[in-house]
Amino acid sequence: MKRFVYEVSESWKIAVTQMRSNKTRSILTALGVIIGIVAVTLMGTAITGIQIGFDKSMAVFGDDVLYVEQWPWKQVDDWWNYRDRKKIKTEYAEPINRMIAAAPNSNLLEAVPTSSLIRSVKYGDSEVSNILIRGTVSDYIITSTFDFKEGRFFNELESRGGANVCVIGYDVADALFPSESPIDKSVLISGQPFKVIGVISRQGSFLGLFSLDAIVVMPLPVFQKYFSAKSESDILVKVKDKTKLAEARDELTGLMRRVRGLPPEKKDDFSINEQQALKSTLDPIKNSIAIAGLFVTGLSLFVGAIGIMNITFVSVKERTKEIGTRKALGARRRTILLQFLIESTALCLLGGFIGLTFAYLMCFGIGKTFPSFPIHFSFNLVMVSMIVSILTGLFSGFAPAWSASRLDPVTALRYE
Amino acid sequence: MNADVIRPLGPIIIDIANITKDYVMGEEVVHALRGVSLQIHSNEYIAIMGPSGSGKSTLMNMLGCLDTPTSGHYEFNGRNVSAMNDDELAAIRNREIGFVFQTFNLLPRASSLRNVELPLIYAGVDPETREERAAQVLRDVGLGDRLDHKPNELSGGQRQRVAIARALVNDPSIILADEPTGNLDSKTGQEIMALFENLYQRGHTIILVTHEPYIARHARRTVHLRDGLIESDDGAVVRELESLALT
């Protein structure tokens, strides 16, 4: 054991000496690994970044909210079975809430109706299009995860009374009121004025597909007064305990069947959606993107490994006589194998370290230049890159080291 | 130099019996050794001579446990070398044999001290002892002031001294020198031979492989090889005379 330790430390010294005396060659060889590690690390940060962005997007739905909708949040093969379902109506919220109140052990807290459509919003000469206009009740706030940048949400009185007030998303505020506060100003939607009483803080985008900040929320009665045609409605139901989501879901299914008056033999003609279901639909897609990305960047690391293998073969050839001498002096096969494995590993570690430094600087630069780009540099990533470097070194050094360890001492000593 | 001092023989270290070695060269089989028997005692200073192609190098590789015979028996200190695997041979070379090569075979980028330490690393000696012993042997061969010099900062004679120090550092049973003066001028060669003489007097067993008669003359016993066979062995004659004198 002691001997093994001495052999390893000796091999490290030799490796360092070798790299020092062949500086250009070592750097050029390590370059392959440097590029490989930069590629793999950047891909790793991007994947982590996407993961974080994904989780953030998912969080918008809330993990304790059930969505009663016409369509399920997943790929369906028999879409025609869903197409003809009856629309979800905002009026369902009232009987559901009554039934929740009547059941003392209910897992559900509150049903909130929402109704939405897309319109343009105007203020003065400015106009923003493709804004999600949503009508709902004051309790909408409990199913949501957003904060207010300024102002407030409408209260129950405004909600029921159908006051012409609205809460606007960050993008709307930013586009229409670049230099002033939107509070108490009136925006025009389809020619109707609405007084702004609150601005929602920035929420970002959903999976980078669309902005969650291009939204205007108003009381349901006013929404229905002006926009009721062509709008899509659904019911959001907050559950009491998110660990009992499945029970809550079953309970809600029962309530919805009663509301719809479905006889027992009929199938559900509505869908109850939740964040988790969406996640499990999207996770495989996200994972295959990650695997494909790592595979492609892994190829560049593989090319780097081949370079190390090549140079280690050259090194073995050049130092055949030295190997013969070492064997004559008592180096065993294991000793020689170890020596060259450590040399290739040292080279890869050097490459890995430089690569990681570059990757870190690049992440830093990208983060500064494009703050919205999903990139995340973590300590785990550093560990993984270092381990990958070591494995690359062992992989690429093994064949040459093995051939060196099998050299016949007589032949090796005679080699010129 | 005191060439007429003959030290009393110790126990048998090397005992080879009827050794042969064949090499396959393409389609031809070369019989490098055709049945060589030799006994070498502790405290001997023996020269193995012969023209090129005589099997001299092959015999040296056998004696140095760098190679195993095709047939025949080889015992080193009572252990059967002919049946050993690579790693066992490596261990024997490390502990029992000190090699001195014609081309010195020093590691170019390592200091004298690190070169001499090498066999001790393979023997598993701890770093402090290693350095202490290596420095001691280097002082013994007269290089006490050259510990940190790299081979390219040393003269040929000094390099060979480093190599000899390396051969001695693990306190081996035999020193096996293959043309140790072959790459040196004659004056330096004489100095190296004086060093070997000194080692012999201090009780080391030396096997010298050479084709130069004036180098071989330093040894107390000379074995001539020709065509893979022992042509003459004056040690055998001496011993016969000794045994005659006893009766």
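What you see is a predicted model; the values in this text were computed from it and never measured. Letters A, B, ... mirror the listed sequences (proteins, then strands); counts begin at 1.
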**OP:** Sort B:L66 into side chain, backbone, both or neither according to what part of it lies under 4.5 angstrom from a heavy atom of chain A.
**Re:** both
Original post:
Is the closest side-chain donor-acceptor distance between A:S21 and B:R109 under 3.5 Å?
Top reply: yes
Subject >> Other residues, nucleotides, ligands: >12 heavy atoms within 6.0 Å of A:F364 CZ >> reply: no
Subject >> Heavy-atom neighbours of A:F358 CZ exceed 12 at 6.0 Å >> reply: no
Original post:
Checking heavy atoms, do the side chain of B:N61, its backbone, both or neither come under 4.5 Å from chain A?
Top reply: side chain
Subject >> Closest heavy-atom pair and its distance - B:F101, A:A328 >> reply: CZ-CB, 3.8 Å
**OP:** Calculate, to the nearest 0.5 Å, the distance between atoms CZ and CG belonging to A:R334 and B:D86 respectively.
**Re:** 14.0 Å
**OP:** Report, as yes or no, whether the 6.0 Å neighbourhood of atom CD on B:E131 holds more than 12 heavy atoms from other residues, nucleotides or ligands.
**Re:** no
Original post:
Checking heavy atoms, do the side chain of B:T103, its backbone, both or neither come under 4.5 Å from chain A?
Top reply: side chain
**OP:** Flag the pair A:K321 / B:N105 as yes when at least one side-chain heavy-atom distance between them is below 4.5 Å, and no otherwise.
**Re:** yes
Original post:
When rounded to the nearest 0.5 angstrom, what distance separates CD1 in A:I14 from CZ in B:R114?
Top reply: 7.0 Å
**OP:** Under 4.5 Å heavy-atom distance to chain A, tell me which part of B:N170 shows up: side chain, backbone, both or neither.
**Re:** neither
**OP:** Sort out for me which residue in A:E10, A:K327, A:R326 forms a side-chain hydrogen bond (donor to acceptor under 3.5 Å, both in side chains) with B:Y122.
**Re:** A:R326
Original post:
Can you tell me how far the CG atom of A:L329 sits from the CZ atom of B:R166, to the nearest 0.5 Å?
Top reply: 4.5 Å
Original post:
What is the minimum heavy-atom distance between A:Y6 and B:I121, and which atoms define it?
Top reply: O-CG2, 4.1 Å
Original post:
Would one find more than 12 heavy atoms of other residues, nucleotides or ligands at under 6.0 Å from atom CZ of A:F54?
Top reply: yes
Original post:
Considering residues, nucleotides and ligands other than B:R133, do more than 12 of their heavy atoms fall under 6.0 Å from its CZ?
Top reply: yes
**OP:** Measure B:D87 against the heavy atoms of chain A and call it side chain, backbone, both or neither at under 4.5 Å.
**Re:** both
Original post:
Which bit of B:A167 is near chain A, if near means a heavy-atom gap under 4.5 Å: side chain, backbone, both or neither?
Top reply: neither
**OP:** Grab the two heavy atoms, one from A:A331 and one from B:A90, that are nearest each other, plus how far apart they are.
**Re:** O-CB, 3.8 Å
Original post:
Rounded to the nearest 0.5 Å, how far apart are OG1 of A:T325 and CZ of B:F104?
Top reply: 12.5 Å
Original post:
For A:R20, does the CZ atom have more than 12 heavy-atom neighbours from other residues, nucleotides or ligands under 6.0 Å away?
Top reply: no
Original post:
Among B:D126, B:I97, B:D67, B:L106, which residue forms the greatest number of heavy-atom pairs with chain A at distances under 4.5 Å?
Top reply: B:D126
